[in-house]
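Side chains included, hydrogens not; waters and symmetry mates left out as well; all remaining heavy atoms used. All chains are named by letter (A, B, ...) in the order of the sequence lines, taking the proteins before the strands, and each is independently numbered beginning at 1.
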2 protein chains.
Amino acid sequence: MLQLTRDGEYAVRAVLHLAAHEDRVSLIHEISEAQDVPKSYLSKIMQSLTRAGIVKSRRGAKGGFFLARPAGSITLRETIEAVEGPIHLNVCLIKKGECPKDEGCPVHPVWREAQKKLFEVLEGKTMQDLVRDAEAIQKRNSRKLAQAR
Amino acid sequence: MLQLTRDGEYAVRAVLHLAAHEDRVSLIHEISEAQDVPKSYLSKIMQSLTRAGIVKSRRGAKGGFFLARPAGSITLRETIEAVEGPIHLNVCLIKKGECPKDEGCPVHPVWREAQKKLFEVLEGKTMQDLVRDAEAIQKRNSRKLAQAR
DNA sequence: ATATTTAAGATGATTTTAGTCCTGATTTAT
DNA sequence: ATAAATCAGGACTAAAATCATCTTAAATAT
Ligand code: SF4
Ligand code: SF4
């Protein structure tokens, strides 16, 4: 359907939450509530993110999740690909020869270009950028609210 | 999975075939063989394309399919959307409020930008362009073959 | 020890994908 | 008129993906 799955969407929310609270560990329960993601589902998402090396976890009391690397080094693309697998807008972008027509196909280069542009956008924003953007939006919204009273 | 479905891929192949043979009607059977698309599946695809006003059909002997409009006015985007429905890279792009968090979400604008870039690419090539590109590729390939002998 | 917290795997309902097949409607040729 | 050709529409299906949930095991702090 050419649309992000819940896996990808939830992964972004979770990593963004960790980036916004980089100073401490966050619990599944807490992320789930704050980001509106089903708890047991989120548990699976976090496992993928951990295996992908984007977040780290500690089990047991005082355990939880935290970023494995600085928020400024984590992009939307890698967060999504950590849970959805590599993005390929069309089968012919998986690898050469995956579509038997790729050599002489005039549409193939168009998909390559489209995917390149998509990646540029998804790699252009780090989690740090997004946390800052969120703060700016918050500020703008409360200013608007103040004006409206 | 953030990937084009067979519907979209087959639709593009079919419309491209019609664009490359704009002077005459093409049969399901013929498109199916030339473009390597299952015949009965293609039949459904052509119905969607007809309903979307991209191709026209004539039934009966001497019937078949042909472009409803000049190849230069048909883009990849509309061909794909004719069979897959409107493209939305994430649910929040479906319409305002579809995701309850969209107002304060820092990721939302990123998806808007990504989709805009995708559309620019998919609208930047018409079927006429693609037919010409295909011819150019053909010429290049046969020249290479001649050199190699 | 015990309470807390993640890891891993099994399970399952629903939807989407990727097709097939059959019947009917329409057009053309004879 | 009739037969042949060709698309239109709908029913049907198998397999995979999506979106979860639940249970048990392992690790950690106190
Ligand atoms: S665009 Fe061309 S190369 Fe890519 S899948 Fe379609 S036919 Fe194959
Ligand atoms: S990116 Fe933001 S607005 Fe879009 S679906 Fe995710 S949370 Fe909602």
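Using a 4.0 Å cut-off between a side-chain N of Lys or Arg and a carboxylate O of Asp or Glu, A:Lys117 and A:Glu113 qualify as a salt bridge. Remark: B:Lys101 does not engage A:Glu9 in a salt bridge, criterion side-chain N to carboxylate O under 4.0 Å. Between B:Glu135 and B:Lys139, none of the side-chain N atoms (NZ, or NE/NH1/NH2) sits under 4.0 Å from a carboxylate O, so this pair counts as no salt bridge.
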Side-chain donor-acceptor distances from residues 61-70 of chain B under 3.5 Å, at least two apart:
from: B:Arg69; atom 1: NE; to: B:Ser73; atom 2: OG; distance (Å): 3.4
from: B:Arg69; atom 1: NH2; to: B:Ser73; atom 2: O; distance (Å): 3.1
from: B:Arg69; atom 1: NH2; to: B:Glu78; atom 2: OE1; distance (Å): 3.2
from: B:Arg69; atom 1: NH2; to: B:Glu78; atom 2: OE2; distance (Å): 2.7

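The two residues B:Thr79 and B:Leu49 come nearest to each other via the heavy atoms O-CD2, 4.1 Å. Between B:Asp7 and B:Val83, the shortest heavy-atom contact is O-CG2, 3.5 Å.
For B:Asp133, the salt bridge (charged side-chain N to carboxylate O under 4.0 Å, His left out) criterion is met by B:Lys125, not counting sequence neighbours. Applying the salt bridge (charged side-chain N to carboxylate O under 4.0 Å, His left out) rule to B:Glu81 yields the partners B:Arg77; only residues at least two apart in sequence or on another chain are considered.
Atom CG in A:Asp36 sits roughly 14 Å away from atom C1' in D:dA20 (whole-Å rounding). Atom CG in B:Leu2 sits about 11 Å away from atom P in D:dT18, given to the nearest Å.
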Close N/O contacts between protein and nucleotides 5-9 of chain D (under 3.5 Å):
from: D:dT6; atom 1: O4'; to: B:Gly60; atom 2: O; distance (Å): 3.2
from: D:dT6; atom 1: O2; to: B:Gly60; atom 2: N; distance (Å): 3.2
from: D:dC7; atom 1: OP1; to: B:Ile28; atom 2: N; distance (Å): 3.4
from: D:dC7; atom 1: O3'; to: B:Ser57; atom 2: OG; distance (Å): 3.1
from: D:dC7; atom 1: O2; to: B:Arg59; atom 2: NH1; distance (Å): 3.4
from: D:dA8; atom 1: OP1; to: B:Ser57; atom 2: OG; distance (Å): 2.7
from: D:dA8; atom 1: O4'; to: B:Arg59; atom 2: NH1; distance (Å): 2.7
from: D:dG9; atom 1: OP2; to: B:Arg51; atom 2: NH1; distance (Å): 3.1
from: D:dG9; atom 1: N7; to: B:Lys44; atom 2: NZ; distance (Å): 3.4
from: D:dG9; atom 1: N7; to: B:Gln47; atom 2: NE2; distance (Å): 2.7

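Among the protein residues, B:Ser40 comes within range of the nucleic acid bases, having at least one heavy atom under 4.0 Å from a base atom.
Of all nucleotides in DNA chain C, those with any atom nearer than 4.0 Å to a heavy atom of chain A start and finish, going 5' to 3', at C:dT4 to C:dT17.
Between atom CG of residue A:Leu122 and atom CD1 of residue A:Ile87 there is a gap of 5.5 Å, rounded to the nearest 0.5 Å.
Following chains of ILVMFWY side-chain contacts shorter than 4.5 Å, one can reach A:Tyr41 starting from A:Ile80, so the two form part of one hydrophobic cluster.
Against DNA chain D, the stretch residues 7-23 of chain A makes heavy-atom approaches under 4.0 Å through A:Tyr10.
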